Amino acid sequence: MTDYPHLLAPLDLGFTVLKNRVLMGSMHTGLEETKDWARVAGFYAERAEGGVGLMVTGGMAPNREGGVFPGAAGLFTPDDIANHRIVTDRVHDAGGKIAMQILHAGRYAYSPDCVAPSAIKSPISPFPPKELDEDGIEKQIADIVTAAARAREAGYDGVEVMGSEGYFLNQFLVAHTNRREDRWGGSLESRQRLPVEVVRRVREAVGPDFIVIYRLSMIDLVPQGQTWEEVVALARKIEAAGATILNTGIGWHEARIPTIATSVPRRAFAWVTRKLMGQVGIPVVTSNRINTPEVAEEVLAEGCADMVSMARPFLADSQFVRKAMEGRAADIAPCIACNQACLDHTFGGRISTCLVNPRACHETELRYDPAETPRHIAVVGAGAAGATVAMTAAERGHRVTLWDRAQEVGGQLNMAKRIPGKEEFIGLVDWMTRMVDHERIELRLGAEPSVEDLKAADAVVIATGVLPRDPGIEGQDLPHVVDYVDVLQRRAPVGRRVVVVGAGGVGFDTADFLTHGEGPSTTEDLPAWLREWGVADPEAHRGGLDPQGPRPEPSAREITLLQRKPEKMGKRLGKTTGWIHRAGLQMKGVKMVPGVNYERITPGGLEISFGASRERPTLIEADTVVLCAGQVSERSLADALEAEGVACHVIGGADVAAELDAKRAIDQGARLAARL
Ligand code: NAP
Ligand code: SF4
């Protein structure tokens, strides 16, 4: 008997059967562009072995002009087909099924050659697209169809036609991006003609026994987006044109509403997919912020969909499905939806990986093979870096003693989990705590080892983390000055008017924390979150945008966030999430002031000035001043060991405090443990 009867039930597609209801959604990892096909195959094969029912590859370009960026991978030559065959063979050998996504970016392509229904530049791209003539449109269809036929030749079990997120096919559907007056624009029928034609001709080319998934934009979240009636009409036409499965797309990339970030409530959009259930006869997949087997089971049991798509959770843990099947859900490394190592890497032109699992997309290079000679490893600090070393070394067969002066595992992650909208960090700390509860790990919480205690170990790892930096501002010893640790642990009272010194990730998080009152965060309250961001039922309002706009709760405090650098606040936050943090604080009326000098703190507030000549002296009146001025490495134990000639490995914040983050700490810990 399983805890997940709906999730693990097979899905009969008529000509083939999927072994469960889990779809690994498409992710652009950058692996295909490396042209290291053993590595690409390693990535997908490991996930096929992990038991997922069906996987979808990252988006493959149907032609040069449709690629997301110049040089985007696609099936253009016989060599490409042979290379993709390496992947599909490995997946099939591992008992899996895989479909290739065909992604035509249209005006989202990061290229001067991009094409679109009309010459209207997107707000997220510097390149104005060329308007296609009718022959040009026919060529795009033919190229998409050719890509599908080649996918079949390369051994794929199907294709996913990308029709959502504001990409090419989506761009034909609404007047916002389609001003044509020919047979490809104008009336609803003409605007919907392209996606329908694409699916009809793809089906014709690939035959009846090949999976054709269509990713349908169910809520556009942009002005002048589709009405619900239009969405349903398109879904029915796509079914009639020969699609096997309808997948859910949520929001265009240019939407100003977060759709997958960690502050988005779990299963935040399953209600949208549910509206389509019963309107079509083919299986419908739901998606977005579903990251545990429990949540996936819940949405299926409630009838929101026939199948669940999860993408990033398969970066965090390739064995997600297997662990769920074996009743080991608590062992699943959780995707915390941070985007830091996956989407932020993609947008930075780097190969994706995962903050929680540095092996993701590095399967062939970072291996945790059994240790040749099991040794005794002493690890000091059970934060992200130390816990990762301990769990990985123990998995490899070493015996570990893990020390932390705190009474809990997780270090700085225990700060992050207190921030409204970062509740996923609770699950991450719980998972780490569980993973260090291991027969080969002796966990010594509330204890600090001496140099003598550590001398006996075969290897010593120092992961003692960071201490708050002393910003040395005159008056910082006054009683109304507190640091972020005291604030987040609710150890210090905070008044109504607050100045936050420092606008790094912690300054932003602390400001966010202070805007909230006593109740749960909107991440735990879906109706409140939808109201906060202005999301409405698409049946009531075109595109699912509330005509009243975002309606956040007022801030619990009057907050001013300061930094010395004369640059845009939050510029160094995550590429794909920084705007959400900024927008969140702006909605709450937080004042953000860059380019300041800190003159002195007085009982009445903080005196600042601007520029090298200290112009415009200003007192910002405040009841409380909160210091978030970054961190310095806590190296005292490492220094003491070195003084006694005891070799040690120093990792995480104890190694480099600047830009300390969990991604680097975990990566460093994992790579060290793989070598020990
Ligand atoms: P940080 O990113 O290093 O930022 C420190 C802030 O303090 C900056 O605004 C800096 O700006 C200011 N500062 C530095 N020295 C100062 C001094 N002597 N006096 C006054 N101000 C000073 O550190 P953090 O905010 O503590 O975050 C640590 C790391 O945690 C981040 O790098 C990030 O990787 C991670 N994190 C990320 C997020 C997120 O992305 N949402 C959230 C939390 C933590 P000026 O020098 O311009 O004043
Ligand atoms: Fe999930 Fe963050 Fe890993 Fe991306 S980097 S897969 S969002 S945990």
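The structure displayed is predicted, hence computed values, not measured ones. In listed order, ligands and their atoms are each counted from 1. These numbers come from the heavy atoms of this one structure, side chains and all, not from hydrogens, waters or symmetry mates.
Counting only non-hydrogen atoms, the option in Gly421, Cys338, Gly504 that gets closest to atom 4 (O) of ligand 1 is Gly504. Nearest to atom 23 (O) of ligand 1 by heavy-atom distance, out of Gly630, Gly574, Gly505, Ala665, is Gly630. Taking all heavy atoms of His581, Arg564, Glu567 into account, the minimum distance to atom 18 (N) of ligand 1 is reached by Arg564.
Not a single heavy atom of Tyr484 lies less than 4.0 angstrom from ligand 1. Using a 4.0 Å cutoff on heavy atoms, Lys422 counts as a contact of ligand 1.
Checked against a 6.0 Å centroid threshold, the rings of Phe43 and His362 do not count as neighbours. Remark: aromatic rings of His28 and Phe69 are close, center separation under 6.0 Å.
The existence of a salt bridge linking Arg322 and Glu49 is excluded, since no basic side-chain nitrogen approaches an acidic carboxylate oxygen closer than 4.0 Å. For the pair Glu46 and Arg359, the salt-bridge criterion is met [side-chain N within less than 4.0 Å of a carboxylate O]. Between Glu298 and Arg267, at least one side-chain nitrogen of the basic residue sits less than 4.0 Å from a carboxylate oxygen of the acidic one, meeting the salt-bridge criterion. The pair Glu607-Arg614 does not count as a salt bridge, with every side-chain nitrogen at least 4.0 angstrom from each carboxylate oxygen.
Looking at Arg572 against ligand 1, nothing comes within 4.0 Å, counting heavy atoms. Heavy atoms of Gln340 found under 4.0 angstrom from ligand 1: none, in either backbone or side chain. At a heavy-atom distance under 4.0 Å, only side-chain atoms of Tyr598, from C-beta outward, approach ligand 1.
The shortest non-hydrogen separation linking Ala305 to Thr273 is CB-CG2, 4.2 Å.
Contact atoms of ligand 1 toward Pro471: 18 (N), 19 (N), 20 (C) (distance under 4.0 Å to a heavy atom of the residue). Listed by number with element, the atoms of ligand 1 under 4.0 Å from a non-hydrogen atom of Lys565 are 10 (C), 11 (O), 45 (P), 46 (O), 47 (O). Annotation for ligand 1: atoms under 4.0 Å from non-hydrogen atoms of Cys628 are 6 (C), 7 (O). Within ligand 1, the atoms closer than 4.0 Å to a non-hydrogen atom of Asp509 are 42 (C), 43 (C), numbered from 1 in the order shown.
Cation-pi geometry between Arg616 and Phe610 is satisfied (NZ or CZ under 6.0 Å from the ring centre, within 45° of the ring normal). In this structure, Arg256 is not positioned above the aromatic face of Trp533 in the sense of NZ or CZ being under 6.0 Å from the six-membered ring centre and within 45° of the axis.
Checking side-chain atoms of Glu423 against main-chain N and O of Gly421 turns up a donor-acceptor pair under 3.5 Å. Not a single donor-acceptor pair under 3.5 Å links the side chain of Asp36 to the backbone N or O of Leu31.
None of Val285, Asn247, Leu103, Val56 except one satisfies the side-chain contact (heavy atoms from CB on, under 4.5 Å) rule with Arg215; the exception is Asn247.
Atom 3 (Fe) of ligand 2 has Cys354 SG as its protein N, O or S neighbours under 2.8 Å.
Qualifying side-chain contact (heavy atoms from CB on, under 4.5 Å) partners for Cys338, counting only residues two or more places apart in sequence or in other chains: Ile336, Gln340, Leu355.
Taking distance alone, with nitrogen or oxygen atoms compared against 3.5 Å, Val506 approaches ligand 1 more closely than that limit. At least one N/O-N/O distance between Ala503 and ligand 1 falls below 3.5 Å. Polar contact check, Asp470 against ligand 1: no nitrogen or oxygen pair lies under 3.5 Å apart.
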